[in-house]
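Heads up, the thing below is written out as structure tokens.
Quick caveat, the model's predicted, so the values are computed rather than measured. We count ligands from 1, going down the list as the structure has it; atoms in each ligand are counted the same way. All residue numbers in this chain count up from 1 along the given sequence.
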Amino acid sequence: MSLLQISDPSISNDDLKKFVVGIDLGTTNSLIASYDNELKLYEDNSSSLIPSVVSITKEDILIGVKATDAFDDKNTTCIASIKRIMGLSYSDIQNLDSKDDLLLIKSKNDLPCIAVNNKEYSAIDISSKILSHLKNLAETHENKTIDGAVITVPAYFNDIQRQATKNAAKLSGINVLRLLNEPTAAALAYGLESNETGSFVIYDFGGGTFDVSVLTLEKGIFKVLSTDGNTRLGGDDIDNAITKWLVNNYSFLKSYKTTQIKKYACSLKESMSNKDSSSMDIDGNTISLSKNDFIDIINPILNETFDIVTNAITESKLSSIDIKNIILVGGSTRIDCIKTLLEKKFSCGVLNNIDPDKVVAHGAAIQASILSGNNKENILLLDVLPLSLGIETYGGLSEKVILRNTPIPIKLRKTFTTFKDGQSKLLINIIQGERELVENCNSLGEFILKNIPPMVAGGPRIDVDFQIDADGILSVSATETTTGNSSMIEVKPSYGLTESDIMKMIDDSNNSAEIDMTLRRLNESIVEGKRVIYALEQALQNDGKDLLSEEEIAMVNDELEGLKLSITGEDSSVIEEKIKQVEKKSEFYVERRMNSSIKSFIAGKGIDDIL
Ligand code: ADP
Ligand code: MG
């Protein structure tokens, strides 16, 4: 009833990794991403920026890119910017400065709803449709179900708005690992948590909203010191201002619909980066906008954003000298003069090298990966395992499966096999501690895996899975892979140990590392010696008399005696030498056995059965 290890956890770990994602559920656009050493964004029709739009027709509900394609269709109700009313009551919305084009009705409990085709949709319903769409895109791409998600929300969202976001996720079958503030997500994407301390301003200029947050970093955790913003200030306002300017300067545009001119304005704006002017052709007429005119148009809007930054810093009780960096987030920060103006005004470094559209989803994906335990290097905000965990293998050795200081939760697998022919049971003894020998570690519990089908030693594959959840609960299961028979046990790993017990165990292990390694090598060579003795004795019993002469049997037995004697000693190199010698001297026997088994396989079969 003993074990031999035959594979390393690193080999099978990938299959066990949880599939977790970060979701930036934006007002204009949403993104879904995963992070495993690098960022992977999932796309809707080749675009990772997925419009937060739901279009409802008589027959169908379209979401994302397809929903925006249906925008001009008269028979379709297009719902955009739903995030603006997330978690608000009907009365709250009546008090907003300006209302969107959403046709809202007052439903039960003062809940605002959109009525389409005799059905009512709340903000939670619409958001959950967007989330289901995002989930679907990622799951289809990976061909896996999502185990959990980190979803970002504005720092100013109150409890009701946060709860509404969680409910939307629940409706779409997403397990929320954590809601994360959008500015904190951006800071994580830039790796700012690796700073010792520092204060940062997140400047988030999106499609319809402008948000500023001042964050401070203390002991690896970001605290939001203040937030400010304008929920009616964004790229849309820039588009409107350019539209006005275009109509004043190009009279032929007077016959065009405002929505159409606004689309031209938006493309002029978006193609302005790093250029002196941008222009386009409209039905044979050229419209063009110079950089200078563009700056004149947007100046009042930019100045308003800078005033809000100043207010947020004042409110955080810091001054601009305390700010280490300003981080740019949101599509509208692509306007290139924003960076230079901010640098000049606040005299600090402005970070914009991560795509401002993706930086929030990027940070959320990193956070999801950390929370799931997939990202081993980063131990931010996480608990770690105080002592290594493993199982006892043949010879009283501890085989570590999860090493000390690994962030939890985590799931790892090692594969083992049997030591003896026909072995039908395995004892799994769970060991905690750093030492090499089981007798110097703690046993946390044991269980038996039964009904292993009879096979030769080394034949069965037994997968042993260790899983520790976020609360530190360990479950260990063992599965024999051909039959799928499995057994398991649940324990609390640090149970009964105080902080000083743990420190003592680690100290002991450091002090005895060298002795332990010598002992481990000795034990391993003894195990290997016993395996060789066992295999040869079994073989001699089976066919020794048929395949060997008496002298040959005596010679093999002599060699076996020598090996048996060596394993009673304490020198691993002597044992290793003896093993090599026995294997060399019995090589001819192994060869004869192979030939004979091929012969017996061929016997009684026609040539066609064999070739
Ligand atoms: P939200 O956070 O509100 O969902 P985004 O961060 O996706 O919004 O930003 C969308 C806005 O970014 C739109 O108004 C879009 O026109 C603007 N935008 C995208 N690219 C550029 C660009 N190159 N220059 C200026 N504005 C841009
Ligand atoms: Mg955004």
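- Near T27, meaning under 4.0 Å from any of its heavy atoms, are these atoms of ligand 1: 3 (O), 4 (O).
- For atom 3 (O) of ligand 1, the nearest non-hydrogen atom of the protein is T28 OG1, 2.7 Å.
- Judged by distance alone, the side chains of E139 and T145 never bring a donor and an acceptor atom under 3.5 Å apart.
- The closest donor-acceptor contact from the side chain of S47 to the backbone of L49 lies under 3.5 Å.
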side-chain contact (heavy atoms from CB on, under 4.5 Å) between I174 and I23, intermediate numbers included: CA-CA 11 Å; I174 294 175; I23 296 177; 4.1 Å; yes
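- Of the listed options S52, G235, G207, G208, G207 places a heavy atom closest to atom 11 (C) of ligand 1.
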For residues 304-311, tabulate all N or O donor-acceptor pairs below 3.5 Å that involve a side-chain atom, not counting sequence neighbours.
from	atom 1	to	atom 2	distance (Å)
E304	OE2	N230	ND2	3.1
T305	OG1	Y203	OH	2.8
T305	OG1	L302	O	2.5
T310	OG1	F306	O	3.0

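- Under a cutoff of 6.0 Å and an axis angle of 45°, K324 and F200 do not form a cation-pi pair.
- Not a single heavy atom of G234 sits less than 4.0 Å from an atom of ligand 1.
- For ligand 1, the polar-atom distance check finds no N/O of D204 at less than 3.5 Å from any of the ligand's N/O atoms.
- If you number the atoms of ligand 1 from 1 as listed, the ones under 4.0 Å from a heavy atom of C266 come out as 16 (O).
- By the ring pair (Phe, Tyr, Trp, His ring centres under 6.0 Å) test, Y42 pairs with H141, sequence neighbours left out.
- Summary of contacts: the protein heavy atom closest to atom 2 (O) of ligand 1 is G206 CA, 4.1 Å.
- A donor-acceptor pair under 3.5 Å is absent between the side-chain atoms of S226 and the main chain of E315, judged by distance alone.
- Counting protein heavy atoms only, atom 23 (N) of ligand 1 is closest to E270 O, 3.3 Å.
- Below 4.0 Å from some heavy atom of S273 lie the following atoms of ligand 1, by number and element: 23 (N).
- For ligand 1, the atoms closer than 4.0 angstrom to any heavy atom of I335 are 25 (C).
- Among protein heavy atoms, the minimum distance from atom 7 (O) of ligand 1 is reached at N29 ND2, 3.0 Å.
- N109 places no side-chain N or O within donor-acceptor distance of the main-chain N or O of L111, the cut-off being under 3.5 Å.
- Of the protein's non-hydrogen atoms, the one nearest atom 26 (N) of ligand 1 is K269 CE, 3.5 Å.
- If you number the atoms of ligand 1 from 1 as listed, the ones under 4.0 Å from a heavy atom of G330 come out as 6 (O).
- Distance from atom 22 (C) of ligand 1 to its nearest protein heavy atom, with residue and atom name: R334 CB, 3.4 Å.
- At least one donor-acceptor pair under 3.5 Å links the side chain of S267 to the backbone N or O of K263.
- Regarding atom 9 (O) of ligand 1, its nearest protein heavy-atom neighbour is G331 N, 3.3 Å.
- Salt bridge status for K291 with D276: absent, with no side-chain N to carboxylate O gap under 4.0 Å.
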